[in-house]
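Structure record follows, encoded as structure tokens.
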Amino acid sequence: MRLTAYLIPTLREDPAEAEVISHRLMLRAGMIRRVAAGIYSYLPLGYRALRKVEGIIRREMDRAGALEVFLPVLSPAELWRETRRWDAYGKELMRMQDRHGRDFCLGPTHEEIVTDLVRREVKSWRQLPLNLYQIQTKFRDEIRPRFGLMRGREFGMKDAYSFDRDEEGVQKSYATMFETYTRIFEQCGLNFKAVEADSGPIGGSFSHEFMVLAETGEDLLLNCPGCGYAANLEKAEIALPEEQAGAEEHRPVERKETPGQRTVEEVSAFLECGPSQLVKTLLYEADDTVVAVLLRGDHQLNETKLKNYLGAGALGPASPEKIEKVTGGPTGFSGPVGLDGVRIVADEQVRHLVNFVTGANAADTHLVNVNFGRDFAASEWADVKAADAGDPCPRCRAAMEKVRGIEVGHVFKLGTKYSDAMGARYLDENSEEKSIVMGCYGIGTGRTVAAAIEQNHDGDGIIWPVPIAPFEVVLLTLNVREQVLMEASEKLVGELEDRGVDVLWDDRDERPGVKFKDADLIGCPVRVVIGGKSYKRGEGEIRIRRTGEQSAAPLGQLAARVEDLLGQIQ
RNA sequence: CGGGGCGUGGCGCAGCCUGGUAGCGCACCUGCUUUGGGAGCAGGAAGUCGGAGGUUCAAAUCCUCUCGCCCCGACCA
């Protein structure tokens with residue numbers, strides 16, 4: 001491809017609209033342009049990279065036996081009402097009406113559509129298992145779109161849905177997709193990790209996220225360097241604390257005046273004890289009942305873990321009025337002692353504390369030397385602390401580390417949530433009617449491109465992994481007014497294309513410096529230079545973008561050398 | 001939705017406080033020179049100063065409303 005016939009509007013300066021590196025580089029390299037918040041156009045170069053990622057996904061999905069389909073973006077409300085998601089999805093669902101006033105939405109995901117298809121067409125166990133996938137544009141009216149392609153309101157996604165006869169079948173489908181995703185992201189040149197995740201309102205019993213490790217990631221992960229356990233912060237468990245030998249003796253409870261001291265910092269400073277000697281009592285409202293949560297003063301609550309533990313539909317902090325009514329004291333002075341009739345959930349990490357400080361359920365008063373059993377009874381224990389760096393791994397007790405990640409893929413075991421709601425059933429060998437067991441599997445395509453850039457760049461620009469590079473090679477002809485250089489270049493382009501190499505030929509009448517800068521920015525893995533100096537020696541120059549490694553080769557051998565190199569570098 | 005910031009040729013910005021009719025760098029077009037890491041000179045084209053209303057002899061500048069964009073948070077697959 002001749003650059004003079006192509007469209008790559010590179011920018012010398014960072015556009016003000018972009019903060020994160022992948023967004024800046026995609027704008028500067030002329031890959032994308034913003035149309036509205038969270039909505040982007042792909043220019044030719046950006047689209048080529050996207051298509052490369054899609055190609056890898058198609059190849060691997062097909063190989064795993066999944067069948068490609070193409071489902072509509074526009075989706076009638078009735079299907080969403082069947083699963084109650086028309087209401088449950090909330091404002092994120094892009095809604096619209098047709099000319100007759102009928103409700104529609106732009107699909108944010110396609111469980112309803114695909115389940116509707118399958119319930120009509122699949123009746124027999126002989127038709128299962130089945131895995132349908134598509135690469136489609138999705139719409140989610142995100143509260144805050146950001147970071148370019150990272151979180152958009154309109155974005156590309158590969159979504160797949162597996163349909164199996166039973167639990168054993170969906171296990172197998174899930175495992176196959178897990179392996180497939182691993183292969184896909186490896187080919188995209190990504191350093192990623194599959195982590196255990198909370199399955200959230202999409203439902204289902206089991207879920208993994210594929211996370212690309214990057215500073216700019218929106219998700220926090222806990223990672224165990226010891227055994228490889230990794231989980232989303234929302235999900236991350238913590239090993240149960242070990243009982244301490246030779247614990248202190250229980251001292252008598254004391255009531256202390258703590259005027260105006262509400263927060264953990266204030267109280268611990270006032271009473272001259274560490275925050276870890278405090279047990280804070282958080283009052284939450286879970287589906288209209290108040291629950292008291294006991295947590296060590298220096299720990300944070302993980303609301304998702306609490307919500308899952310309680311099995312609650314809605315969960316939120318209780319209002320100050322409610323707290324006063326339930327505890328008899330104002331906020332900031334709540335405690336478990338004498339808290340009759342309230343369900344008390346104590347975090348596992350406070351189980352072995354002795355002689356700790358709590359609120360006294362009265363204004364400006366705290367209790368010192370409180371102990372379990374003697375002073376109050378916790379109704380139950382649960383792991384509800386938000387995991388943090390240094391917490392012990394639930395599998396091997398090694399200290400976990402906290403890292404950031406970009407979620408590029410997510411696999412769910414759905415079970416029969418959608419098939420039950422929509423009546424997707426089949427007849428088994430014994431003529432018994434059963435619900436189809438489902439799984440669903442997503443990959444953000446544009447986000448994968450962005451994540452690849454986050455992980456593969458330097459101060460000069462993008463460094464494409466070969467499999468997803470929009471062009472594998474950029475050829476710079478340093479002076480296009482010299483006929484011999486042009487002839488040699490054109491010949492080389494032909495030779496490379498004959499070998500199936502994607503080559504971008506910079507045939508612009510620009511000074512060499514401009515071409516070098518643009519080539520670095522665009523980031524093709526291999527750069528070839530045809531210039532006066534080396535041409536006199538009958539050579540062309542080859543440079544590896546990632547390493548900067550340079551070499552020269554006789555003009556006649558250039559194409560072969562380049563092809564060879566592309567096979568070697570990642 | 002709460003907080004913060006920003007809207008001035010394609011891009012990056014100055015001008016605004018203290019009103020006087022728009023400027024700089026890059027990019028773009030023409031010509032000449034130049035050609036191994038973002039060239040030089042000369043000439044040129046291009047802007048409803050986000051929008052509406054108001055104050056004023058006069059508004060990019062002051063006031064009110066409004067729209068859009070970015071960042072933090074809350075929210076959410």
Side-chain angles (χ1 to χ4, degrees), chain A residues 7-20 23-24 27-30 33-40 85 88-94 107-111 138-148 150-153 155 157 159 197-204 207 209 216 218-219 232 234-235 303-304 307 314-317 407-412 414 440-444 447 459-461 476-482 485 506 508-522 527-537 539-541 543 548 550 552:
Chain A
L7 179 67
I8 307 183
T10 57
L11 305 172
R12 293 195 183 202
E13 289 170 283
D14 282 332
E17 73 184 65
E19 191 88 352
V20 302
H23 190 195
R24 290 208 304 255
L27 287 167
R28 284 195 53 206
R33 290 291 184 261
R34 187 180 60 74
V35 175
I39 300 174
Y40 288 84
R85 286 211 292 183
Y89 222 103
K91 288 188 175 174
E92 217 167 289
L93 193 61
M94 291 268 200
T109 172
H110 280 74
E111 283 84 5
K138 304 289 193 218
F139 296 82
R140 294 183 190 174
D141 197 357
E142 293 282 346
I143 267 175
R144 183 146 92 88
R146 58 181 139 182
F147 303 159
M150 217 71 97
R151 178 170 295 274
R153 295 193 292 171
F155 58 96
M157 180 168 163
D159 48 325
D198 184 63
S199 51
I202 273 198
S207 155
E209 289 167 340
T216 42
E218 287 190 277
D219 292 276
N232 195 303
E234 287 184 342
K235 168 87 178 179
E303 288 191 17
T304 306
K307 191 172 169 181
L315 181 80
E407 179 189 343
V408 288
H410 201 162
V411 294
F412 291 90
L414 289 175
C440 79
Y441 317 91
I443 293 178
R447 190 184 274 189
D460 293 316
L476 309 188
T477 305
L478 289 193
N479 188 342
V480 299
R481 298 187 192 182
E482 284 190 39
L485 297 186
D506 189 346
R508 293 175 300 172
D509 185 10
E510 287 284 357
R511 295 169 60 85
V514 173
K515 298 191 177 202
F516 288 133
K517 288 289 185 188
D518 276 345
D520 286 347
L521 178 60
I522 289 166
R527 185 187 80 188
V528 176
V529 168
I530 301 290
K533 283 183 188 171
S534 47
Y535 182 81
K536 278 182 201 145
R537 297 192 298 269
E539 291 178 337
E541 300 152 50
R543 182 182 155 105
Q550 297 226 42

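Note: hydrogens, waters and symmetry copies are ignored here, and every other heavy atom, side chains too, is used. Proteins get letters first, then strands, A, B, ... in listed order; numbering begins at 1 in each.
For a distance-only test at 3.5 Å, the side chain of A:Arg144 fails to qualify as a donor-acceptor partner of the base of B:rG3. Residue-to-nucleotide contacts include a donor-acceptor pair under 3.5 Å from the side chain of A:Glu209 to the base of B:rA77. Scanning atom types as modelled, one donor and one acceptor separated by under 3.5 angstrom connect the side chain of A:Asp520 and the base of B:rG37. Checked by distance alone, A:Arg527 brings a side-chain donor or acceptor within 3.5 Å of a matching partner on the base of B:rG37.
Straight-line distance between the C1' atoms of B:rG19 and B:rC57: roughly 12 Å, to the nearest whole Å. For the P atom pair drawn from B:rA39 and B:rC26, the interatomic distance equals 10 Å after rounding to whole Å. Taking atom P on both B:rA46 and B:rG4, the two are 41 Å apart, rounded to the nearest angstrom. For the C1' atom pair drawn from B:rC32 and B:rG36, the interatomic distance equals 23 Å after rounding to whole Å. Taking atom C1' in both B:rA77 and B:rG37, the straight-line distance is 46 Å, to the nearest Å. Taking atom C1' in both B:rG53 and B:rA42, one finds a spacing of 46 Å when rounded to whole Å. The separation of B:rC67 from B:rG31, taken at their C1' atoms, amounts to 45 Å, rounded to a whole angstrom. Taking atom P on both nucleotides, B:rG12 is separated from B:rC71 by 14 Å, rounded to a whole Å.
A distance-only check finds a donor-acceptor pair linking the side chain of A:Lys515 to the backbone of A:Thr477 [under 3.5 Å]. A donor-acceptor pair is defined here as one N or O able to donate and one able to accept, closer than 3.5 Å; such a pair exists between the side chain of A:Arg140 and the backbone of A:Pro108.
Taking each heavy atom of A:Gly152 and A:Glu142 in turn, the nearest pair found is O-CG, 3.7 Å.
Every side chain to side chain contact (heavy atoms under 4.5 Å, CB included) that A:Ala37 has, sequence neighbours left out, goes to A:Pro145, A:Arg153. Here A:Arg33 pairs with A:Pro9, A:Leu11, A:Leu27, A:Leu43 under the side chain to side chain contact (heavy atoms under 4.5 Å, CB included) rule; sequence neighbours left out. With sequence neighbours excluded, the residues forming a side chain to side chain contact (heavy atoms under 4.5 Å, CB included) with A:Phe139 are A:Val73, A:Met94, A:Leu106, A:Thr137, A:Glu154, listed by chain and number. Here A:Asp506 pairs with A:Arg508 under the side chain to side chain donor-acceptor pair (under 3.5 Å) rule; sequence neighbours left out. A search for side chain to side chain donor-acceptor pair (under 3.5 Å) contacts involving A:Asn232 returns A:Glu209, not counting sequence neighbours. Residues satisfying the ring pair (Phe, Tyr, Trp, His ring centres under 6.0 Å) criterion with A:His23, sequence neighbours excluded, are A:Tyr40. Residues satisfying the ring pair (Phe, Tyr, Trp, His ring centres under 6.0 Å) test with A:Tyr441, not counting sequence neighbours, are none.
Taking atom CG of A:Asp509 as the reference point, atom C1' of B:rC28 lies 15 Å away to the nearest angstrom. Taking atom CD1 of A:Ile522 as the reference point, atom P of B:rG38 lies 17 Å away to the nearest angstrom. Atom CG of A:Asp159 is separated from atom P of B:rA77 by 17 Å (rounded to the nearest Å). Remark: C1' of B:rC75 and CZ of A:Arg140 are 15 Å apart, rounded to the nearest angstrom. The CZ atom of A:Arg24 sits 12 Å away from the P atom of B:rC71 (whole-angstrom rounding). Whole-Å rounding puts the A:Glu19 CD to B:rC69 C1' distance at 13 Å. Atom-to-atom, CG of A:Leu414 to P of B:rA77 comes out at 14 Å; the value is rounded to the nearest Å. Between the CG atom of A:Leu27 and the P atom of B:rA27 there is a distance of 19 Å, given to the nearest Å.
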Can you pull every protein N or O that's under 3.5 Å from an N or O on nucleotides 39-47 of chain B?
residue : atom : partner  : partner atom : Å
B:rA39  : O4'  : A:Arg511 : NE           : 3.3

Please tabulate the protein-to-nucleotide N/O contacts below 3.5 Å involving nucleotides 7-13 of chain B, giving atom names and distances.
residue : atom : partner : partner atom : Å
B:rG12  : OP1  : A:Ala16 : N            : 2.9
B:rG12  : O2'  : A:Glu13 : OE2          : 3.3

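Pairing for B:rA22 is absent, with no Watson-Crick or G-U wobble pair whose two atom distances lie under 3.5 Å. Checking B:rC17 for Watson-Crick or G-U wobble geometry (two distances, each under 3.5 Å) identifies no partner in any strand. With a cut-off of 3.5 Å on both pairing distances, the Watson-Crick or G-U wobble partner of B:rC32 is B:rG40. Nucleotide B:rC49 has no partner under the Watson-Crick or G-U criteria, as no pair reaches both atom distances under 3.5 Å. Pairing for B:rA60 is absent, with no Watson-Crick or G-U wobble pair whose two atom distances lie under 3.5 Å. Nucleotide B:rG2 has B:rC72 as its partner under the Watson-Crick or G-U criteria, with both atom distances under 3.5 Å. A 3.5 Å limit on both hydrogen-bonding distances identifies no Watson-Crick or G-U partner for B:rU55.
Set against B:rC71, B:rA77, B:rC70, the side chain of A:Glu407 has B:rA77 as its closest nucleotide. Here the nucleotide nearest the side chain of A:Lys533, chosen from B:rG37, B:rC69, B:rG36, is B:rG36. Picking from B:rG36, B:rC72, B:rU35 the nucleotide with the shortest atom distance to the side chain of A:Arg481 gives B:rU35.
Within 4.0 Å (heavy atoms only), A:Glu541 reaches at least one base atom of the nucleic acid. Using a 4.0 Å heavy-atom distance criterion, A:Gly532 is classed as a base contact. Contact annotation for A:Phe147: backbone-only contact, meaning every heavy-atom pair under 4.0 Å involves sugar-phosphate atoms and none involves a base.
Sequence order on RNA chain B of the closest nucleotides to A:Pro145 and A:Arg151 puts A:Pro145 first from the 5' end. Place A:His23 and A:Ile143 on RNA chain B by their nearest nucleotides, and A:His23 ends up nearer the 5' end.
Counting heavy atoms from C-beta outward, A:Arg28 and A:Asp14 have side chains that approach closer than 4.5 Å.
Evaluated for a side-chain contact (heavy atoms from CB on, under 4.5 Å) with A:Glu482, the options A:Leu485, A:Val480, A:Leu478 yield exactly one hit, A:Leu485.
In this structure, A:Arg146 reaches the B:rC72 phosphate: one of its side-chain N or O atoms is under 4.0 Å from OP1 or OP2.
A:Arg481 and A:Asp509 are joined by a salt bridge, as a carboxylate oxygen and a charged side-chain nitrogen come within less than 4.0 angstrom of each other.
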